[in-house]
Amino acid sequence: MEKKADIGLIGLAVMGQNLVLNMNDRGYAVAVHNRTTGRITEFLEGPAKGREIYGADTPAELVAQLKKPRRVMLMVKAGPVVDSYIDTLVPLLDPGDIVIDGGNSHYPDSERRTSALRERGIHYIGTGVSGGEEGARTGPSIMPGGEVKAWPSVKPIFQSIAARAPDGAPCCDWVGDGGAGHYVKMIHNAIEYGDMQLITEAYQIMKDLLGMNHEEMAERFAGWNAGRLESYLIEITANILRVNDQDGSPLVEKILDTAGQKGTGKWTVVDAAQLGIPVTLIAEAVFARALSARKDERIRASEVLQGPDGQTAAGSLPSPEERERILTDLEAAVYAAKITSYAQGFMLIREAAREYGWTIDYGAVAGMWRGGCIIRSAFLSDITAAYKENPDLENLLQAPVFSRVMVEAVPAWRRSVVQAVESGIPAPAMSSSLSFFEAYRSARLPANLLQAQRDYFGAHTYERVDKPRGEYFHTNWTGSGGSVTSGTYDA
Ligand code: NBP
């Protein structure tokens with residue numbers, strides 16, 4: 001091969017093939033390799049035919065085809081496969097060359113790989129890529145982190161293939177050092193879990209409490225999509241509700257109610273617990289999937305644990321006026337809960353940045369999610385604007401643009417939760433986020449009693465409201481305990 005390729009890509013599954021075609025559309029020549037080499041031939045003779053896309057039977061051949069500094073992107077299954085390719089590539093590369101991992105890697109792996117390759121003089125980028133097959137082909141959201149020295153060399157390619165936000169900005173910018181890019185992608189996916197769960201709760205309220213048919217629900221979601229809830233997930237929900245099975249009935253009702261998950265939601269909840277950040281809505285969304293998966297057990301439980309079940313709680317369907325009021329409340333509830341979920345997600349990113357030593361532009365993160373990815377939505381522009389106005393914003397809920405909305409929406413949110421509770425409809429995301437909100441806006445919580453209990457049974461000590469912070473007290477609550485306090489014991 002005479003001409004050298006601008007970038008190499010290893011991993012010709014759905015994401016890899018589409019990213020390669022996207023890069024080539026933007027004028028980049030790409031060298032490609034895949035473990036199963038038959039896939040290379042199929043690709044070159046199929047969608048890549050006639051394009052500046054060159055096959056390589058081995059990683060060494062691929063590296064030999066690249067311009068310097070060499071850029072090699074991995075789009076393979078996350079985990080040990082990535083390490084194995086890195087081990088193969090490193091001896092073939094020179095200092096200053098770049099390895100990019102675009103798979104869904106766990107962020108500690110990207111931290112480790114960035115440091116390990118830095119020692120060898122190789123630049124490492126761990127990047128989240130969101131948008132699935134279509135996004136990869138026409139414009140994904142790309143969230144790169146790792147070795148910042150590599151960014152100028154990768155930026156033109158990534159920003160040219162990325163989606164565009166409504167204002168024309170590319171949905172790709174530098175996130176931060178080490179594992180920051182994959183961390184932000186992990187939070188993106190977790191927020192996606194939350195958005196999806198909230199929509200399913202609204203669907204169940206519409207269907208079981210209000211007795212709406214699928215066309216009515218589709219119309220309502222389409223209406224929401226024309227307003228402040230405008231988002232990809234609301235849009236596809238309306239579309240899904242309109243699809244019928246071969247017998248003419250709604251296909252969605254034929255789908256088994258057990259949700260799957262691949263791990264990013266779980267990783268987020270584990271990390272949040274370790275960092276002490278209450279991402280309650282995301283956690284409920286992860287656990288709602290876990291509970292849904294226990295289908296057989298739920299069937300058995302439904303036989304012994306009878307209770308209200310949507311309309312039966314009210315005894316009859318609400319009047320048209322009442323139904324309209326409930327739906328108006330529901331839209332506000334979903335919106336307020338969604339703001340709270342994003343506020344929790346950004347709390348976690350902020351704490352992770354502090355803990356792991358990353359400098360992250362939070363407004364830019366929201367900006368990267370405005371197009372190409374699954375959580376793309378209109379209101380992300382408000383988040384970007386809020387951080388632009390105050391880069392040190394403690395929490396999104398405190399930004400004037402959101403605090404104003406919340407004050408207006410919260411009464412409707414409370415009514416929606418009450419309605420769901422009274423009707424026996426589970427709404428874990430909507431209700432737990434409301435509890436978070438009530439606690440977050442409380443200057444005083446009942447944790448004083450909790451501290452008293454801890455001191456009572458374990459001599460864990462407490463601070464007092466009438467003494468400076470950092471002074472600890474112990475009470476001999478029963479008269480039979482001693483004055484020795486606990487330093488390490490935690491019951
Ligand atoms: P997969 O996640 O299914 O991975 C397939 C690729 O990994 C193929 O190239 C396959 O080679 C290679 N591979 C596997 Br599997 N085991 C291997 C091994 N032991 N040694 C070498 N190569 C191996 O593909 P994908 O869905 O295109 O996703 C690629 C990455 O992007 C993943 O990390 C995924 O999590 C992430 N991602 C996917 C999506 C999506 O919507 N699918 C979205 C965003 C991010 P082979 O052809 O020889 O089997």
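Everything numeric in this text was worked out from a predicted model, so none of it was measured. Whatever order the structure lists ligands and atoms in, that order sets their numbers, starting from 1.
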The single option from Arg70, Lys149, Arg120 that satisfies salt bridge (Lys or Arg N to Asp or Glu O under 4.0 Å) with Asp97 is Arg70
Determine, using ring centers only, whether [Y] and [X] are less than 6.0 Å apart.
X      : Y      : value
Tyr356 : Tyr107 : yes
Tyr335 : Trp413 : no
Trp358 : Tyr183 : yes

Can you confirm whether [X] is buried at [atom1], in the sense that more than 12 heavy atoms of other residues, nucleotides or ligands lie under 6.0 Å from that atom?
X      : atom1 : result
Glu134 : CD    : no
Glu215 : CD    : yes
Lys77  : NZ    : no

Could you tell me whether atom 3 (O) of ligand 1 has a protein heavy atom closer than 4.0 Å? no
Side-chain donor-acceptor pairs under 3.5 Å in residues 150-160, sequence neighbours left out?
| residue | atom | partner | partner atom | Å |
| --- | --- | --- | --- | --- |
| Gln159 | NE2 | Cys172 | O | 2.9 |
| Ser160 | OG | Pro156 | O | 3.2 |
| Ser160 | OG | Ile157 | O | 2.9 |

Short N or O distance, [X] and ligand 1, threshold 3.5 Å exclusive:
X      : result
Arg35  : yes
Ser130 : no
Met15  : yes
Lys185 : no
Val76  : yes

The test is side-chain contact (heavy atoms from CB on, under 4.5 Å); show your working for Val82 and Val76 and say whether it passes. CA-CA 7 Å; Val82 174; Val76 293; 4.0 Å; yes
Heavy atom of the protein closest to [atom] (residue, atom name, distance):
atom                    : answer
atom 26 (O) of ligand 1 : Val14 CG1, 3.5 Å
atom 34 (C) of ligand 1 : Asn104 N, 4.1 Å
atom 24 (O) of ligand 1 : Ala13 CB, 3.3 Å
atom 29 (C) of ligand 1 : Met75 O, 3.6 Å
atom 7 (O) of ligand 1  : Lys77 N, 3.3 Å

What residues, two or more places apart in sequence or in another chain, satisfy side chain to side chain contact (heavy atoms under 4.5 Å, CB included) together with Asn395? Ala343, Met347, Leu397, Gln398, Tyr440
Would you tell me which option among Ile374, Val81, Thr264, Asn34 has the nearest heavy-atom contact to atom 9 (O) of ligand 1? Asn34
Tell me the nearest of Leu74, Asp101, Thr36 to atom 48 (O) of ligand 1, using heavy-atom distances. Thr36
For ligand 1, which atoms, with element, lie under 4.0 Å from some heavy atom of [X]?
X      : answer
Val129 : 44 (C), 45 (C)
Leu12  : 9 (O)
Gly11  : 9 (O)
Gly132 : 41 (O)
Tyr85  : 21 (C), 22 (N)

What verdict does the side-chain hydrogen bond (donor to acceptor under 3.5 Å, both in side chains) test give for Glu253 and His214, after you've listed the backbone C-alpha separation in whole Å, the side-chain angles of each residue and the deciding distance to 0.1 Å? CA-CA 10 Å; Glu253 302 309 328; His214 289 71; 2.6 Å; yes
Judged by non-hydrogen atoms, does Ala78 sit under 4.0 Å from ligand 1? yes
Test salt bridge (Lys or Arg N to Asp or Glu O under 4.0 Å) on Arg228 and Glu331; report intermediate values, then the result. CA-CA 9 Å; Arg228 59 187 175 174; Glu331 188 269 350; 2.9 Å; yes
Between Arg39 and ligand 1, find which residue part has any heavy-atom pair under 4.0 Å and reply side chain, backbone, both or neither. side chain
